[in-house]
2 protein chains.
Amino acid sequence: MVRPTMEDVALRAGVSRALVSLVMRNSPKVSEARRAAVLKAAEELGYSPHAMARSLASRTSTVLGVMVSDLHNAFFAEVVDGIDEVAREQGFDIIINTGGRSPARERRALESLLSFRPAGLILLSPVVPATAISKAAEQLPIVLVARSSRVSTVDTINDDGEQGARLAVDHLVSLGHKRIAHLDGGEGTQAGPRRRGYVTAMEAHGLTPQVVPSEYTDAAGARAIRSLIEDGALPTAILSCNDFNAVGAISALEDAGLRVPHDVSVVGYDNTSLAALRHVSLTTIDQPRAEFGRLAALALLQRVRDGRTEPVRHLLNPSLVVRNTTAPPGGPR
Amino acid sequence: MVRPTMEDVALRAGVSRALVSLVMRNSPKVSEARRAAVLKAAEELGYSPHAMARSLASRTSTVLGVMVSDLHNAFFAEVVDGIDEVAREQGFDIIINTGGRSPARERRALESLLSFRPAGLILLSPVVPATAISKAAEQLPIVLVARSSRVSTVDTINDDGEQGARLAVDHLVSLGHKRIAHLDGGEGTQAGPRRRGYVTAMEAHGLTPQVVPSEYTDAAGARAIRSLIEDGALPTAILSCNDFNAVGAISALEDAGLRVPHDVSVVGYDNTSLAALRHVSLTTIDQPRAEFGRLAALALLQRVRDGRTEPVRHLLNPSLVVRNTTAPPGGPR
DNA sequence: AGCTTCCATCACACGGGTGTCAAGGGTGTG
DNA sequence: CACACCCTTGACACCCGTGTGATGGAAGCT
C-alpha cells in the first residue's frame, strides 16, 4: 500500500533522483543504458510519475477535463471516444466527470474537475447556467459540445440541426410525402434548430408545417401519435425530434394497427445505437459524434498549446441514414 | 486565464493565508465572520482549493478513481450513479476514465488514474489481465464490479448470474414451457454463470437443456434464431444471454413470421433501458446496478478510512421483470 | 596533453497547499 | 486589573516532483 516515489526508483536503479526525473520526462540527454535501468526499476516498483506533483512543479498540465452531462446517453460515449483519440495522440490524459442531468450535480462536477487544474475543459451538452461557464472560462480554455454559447472565450462544436431536419424533410418529400408532421422536442437541447429546419424545409417545398408538441422520450412520442390519431390529424410521415421519440411513435402506430413504413413513415434524429438495431431499423439523422470529440479536443489543444484566443465555432453537417421506417406513401413498391 | 491561489483569497478577504487554509478545511476554530468573509472572497475570485497541492500536502486523497470498461454501455452509467451518490455523501470526489473495451486502452486508463494517486479505485468490468490488477492493488485499495477475482486484496461486487438464469427458467416453466433454449454469451463476462444457472434449472425441472452458441449482440441473437429455424429445432421459449441478443432474436422471429410472445416467448438479461422501451417491452432479468455502485463505494471507503484488509465478496440477487415478451405456449389466454 | 562533449550528480528555488507550533491580538470574566 | 480564552498570524518543514545552473568525471578527438 506504499506508492513508490522517484527516490525509490533512483535508489533501486542506482542513479540520482535527477536522472530519474530526466528519464520520466523523456529527456534526450540520458544514455540508453541508464534509461533502460531506470525504466526497469520503475516497472518493477510499479512506479508512475505523480501527476499532481508533476503538474504542480512544471506549472503545466497534460490533463483535459471532460464533463459529460449524462452518462446514460451513448451519444456522449462516442464523443468521448473522439476526444480520447486526439488527446492520447497528443500526449494528454483525460479525466471524466458526470453531471447526471442535474444542474446542481453538474456544478459540483465542474468544481471537481476545476480543482485538478486541467489544461482545459470540454463540456458535453452542459445544463449549468451560462454564467457558471463564463466564470470558469476565465480560468482555463473551455470547449462546449452540443450547446451553443455567445461567450467569446469559449469554443463551440454543434451539429447543424436545421440542416439535419431539412435532410429528413427532403427525403420524405422525395418519397412522395406531402403531409409530414414534426414531433417537437420542446425545451430540449437542439430542439429549436430542428424545429426551424423542419418548418423552413416544409415551406420551401410549398407544404404546410404541422408541429406537434412532444419531448425527447419514447413515452412522449407515443402520446403525440395517440393525440394525432384522436384528432384525425395523422399525416403520412413523421419527423421525430430524436430516436427515442421516434421509437415511441412507431410503437403507438403499431398499437393502432398501422404499419411502419407501409401506412406511416417515421424518421428519427441522432442515429443512436437503438436506431441501428434490426428490430428497430430506424431511418434517422446521423451526427458525426466522434468528429465532435476530435474537433473539441483539437480546438482545446489549440488554445492550450498554441495560445489561440479567438473563439472557434464549428457547425458540422449531419447526414441521412436510410433504413426501414421510411417508404413512399402507401408503402414500398 | 490566471487561476487564483489561497494567497489571492487571503489578500482579498484581508486575512492571512493560514486562515484561508483553515476555512477551506472546515476547521471549527474560525469565527463565523471571518469564515464568511473568506468564502465570499473565494466565491468572487472563483477560487477552489487546488486538489493536487492539497492531496500532496496532506498526504491523503479524497478522490476515488473509476474505470469504466465501456462508456457505451448504459449499464455502467447506473453503477456510476450509485458510486457517485455514496462518494458525494462521504465527501469524496470521483474521476472517471474509460477503457474503450480494449485491454491496451484500459491499461492506459488505469495508469492515468493511478497517476492521480486517488484514495482507491473501482474497476467496472475490467478486461485487463488479473496481474495488472493485483499489481495495482499493491498500491491502493481496489474494488471490482462485474468481474470476479481471487486476488485477496481486492473486493468484488457481482450479480448472481446463476440465480438470474434460474429465475428466468422458473418463470418460463411456470408459464407452461418445456422446450426452452439458451442463446449463450460465449466468452462474454458473466456468460458462464448464466449458462450454468440455465442448465441446472432446466435439469431441476426435469427438462433437457438446449444451449445455442451465440454472443452479446443483436446480430448474433438473430443468427442463432435463424439457425434454430433451419434445423427445425425452434423451442417455445428463448432465454437470451442479454437484452441485445434478445432483441435480435425477436427480430429474426418476426422476420420468420412468428409472433412474440404468441408463438415464442423471449427473456433477456440485464434490464437495459432498451428493454423498457414500449416498442420492445422485453421480459428480462434486472441487476441492481445502482446498488452495485453504492456497495462498491462503501467497500472502498471501508478500506480507505477504516483500514479494512480482509476482502469482501458481494453477490447480489437479480430479479425478474415481466413485460410483454413472455406468455404461455400458444399465446396469452 | 589539452580540449570538447556527453552523462550524471548536486543543490536549490520553486509550485500550492497542509500541519504544527509559538506567539500575538482582542474580548469577556471575576 | 489580571487572567483566561478564543482567533488569528507568521514561520517553517513537508509533500513530490520540475527546472536550472554549477560541477565533476569519463570518453573521444586532435
Side-chain angles (χ1 to χ4, degrees), chain A residues 2-39 41-42 45-63 91 93 111 114-119 139-140, chain B residues 1-39 41-42 45-63 91 93 114-119 139-140:
Chain A
V2 168
R3 277 153 259 185
T5 77
M6 278 187 24
E7 198 72 50
D8 302 321
V9 177
L11 217 66
R12 181 171 192 117
V15 299
S16 70
R17 220 172 54 102
L19 189 71
V20 177
S21 174
L22 291 174
V23 171
M24 288 304 155
R25 283 179 278 154
N26 278 318
S27 162
K29 35 165 109 183
V30 177
S31 67
E32 273 317 309
R34 303 280 182 142
R35 179 187 305 281
V38 168
L39 290 178
L45 291 174
Y47 172 83
S48 64
H50 193 309
M52 318 200 175
R54 164 177 277 185
S55 108
L56 202 51
S58 65
R59 306 150 190 56
T60 64
S61 169
T62 56
V63 174
D93 278 329
E111 276 298 308
L114 245 24
S115 77
F116 286 95
R117 303 290 190 273
Q139 299 188 18
L140 38 42
Chain B
M1 210 55 45
V2 168
R3 279 153 254 183
T5 76
M6 277 188 24
E7 198 75 50
D8 302 320
V9 176
L11 218 66
R12 179 168 192 119
V15 300
S16 71
R17 218 172 60 101
L19 189 71
V20 177
S21 173
L22 291 174
V23 171
M24 288 304 156
R25 282 179 280 152
N26 279 318
S27 163
K29 34 165 110 185
V30 176
S31 66
E32 272 318 309
R34 302 280 184 144
R35 179 187 305 280
V38 168
L39 290 178
L45 291 174
Y47 171 83
S48 65
H50 192 307
M52 319 201 176
R54 165 178 277 186
S55 107
L56 203 52
S58 64
R59 305 151 193 56
T60 64
S61 169
T62 57
V63 174
D93 278 330
L114 245 23
S115 76
F116 287 96
R117 302 290 190 275
Q139 297 188 19
L140 38 43

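In what follows, chains carry the letters A, B, and so on, assigned in the order in which the sequence lines appear, proteins first and then strands, with residues in each chain numbered from 1.
Between Gln139(B) and Leu45(A), every side-chain heavy-atom pair lies at or beyond the 4.5 Å cut-off. The shortest distance between side-chain heavy atoms of Val38(A) and Leu22(A) does not fall below 4.5 Å.
One finds no side-chain N or O of Ser31(A) lying less than 4.0 angstrom from the OP1 or OP2 phosphate oxygen of dC6(C). Note on Ser21(B): a side-chain N or O is less than 4.0 Å away from OP1 or OP2 of dT18(C). Not one side-chain nitrogen or oxygen of Ser55(B) sits closer than 4.0 Å to the OP1 or OP2 atom of dG17(C). The phosphate of dG17(C) (OP1 or OP2) has a side-chain N or O of Tyr47(B) nearer than 4.0 angstrom.
Residue whose closest nucleotide on DNA chain D sits further toward the 5' end, between Ser16(B) and Arg59(B): Ser16(B). Between Leu56(B) and Leu22(B), the one whose closest nucleotide on DNA chain D sits nearer the 5' end is Leu22(B).
For Lys29(A) and dG21(D), the NZ to C1' distance is 10 Å, given to the nearest whole Å. In this structure, Phe116(B) atom CZ and dC16(D) atom C1' are separated by 15 Å, rounded to whole Å. Atom pair Met24(B):CE and dG17(C):P shows a separation of 9 Å (rounding to whole Å applied). If you take CD of Gln139(A) and P of dG16(C), they are 13 Å apart, rounded to a whole angstrom. Taking atom CZ of Arg17(B) as the reference point, atom P of dC12(D) lies 13 Å away to the nearest angstrom. Rounded to whole Å, the distance from CE on Met6(A) to P on dC16(D) is 11 Å. Computed from coordinates, the Leu19(A) CG to dG19(D) P distance equals 15 Å when rounded to whole Å. Whole-Å rounding puts the Glu32(A) CD to dA8(C) C1' distance at 15 Å.
With hydrogens and angles ignored, the 3.5 Å screen pairs no side-chain donor or acceptor of Arg117(B) with any backbone N or O of Arg59(B). Remark: the backbone N or O of Asn26(B) is not paired with any side-chain donor or acceptor of Arg35(B) at under 3.5 angstrom.
The nucleotide whose nearest atom lies closest to any side-chain atom of Ser58(B) is, among dT9(C), dG17(D), dT18(C), dT18(C). Closest contact between the side chain of Arg25(B) and the listed nucleotides dT8(D), dC7(C), dT18(C) involves dT18(C). Proximity note for Arg34(A) (side chain, C-beta onward) versus dT18(D), dT9(D), dA8(C): the nearest is dA8(C). For Ala53(A), the side-chain atoms get nearest to dC16(D) when compared with the rest of dG16(C), dT9(C), dC16(D). Nearest to the side-chain atoms of Ala18(B) among the listed nucleotides dG10(D), dT18(C), dT8(D) stands dG10(D).
Remark: Arg34(A) CZ to Leu39(A) CG distance equals 13.5 Å, nearest 0.5 Å.
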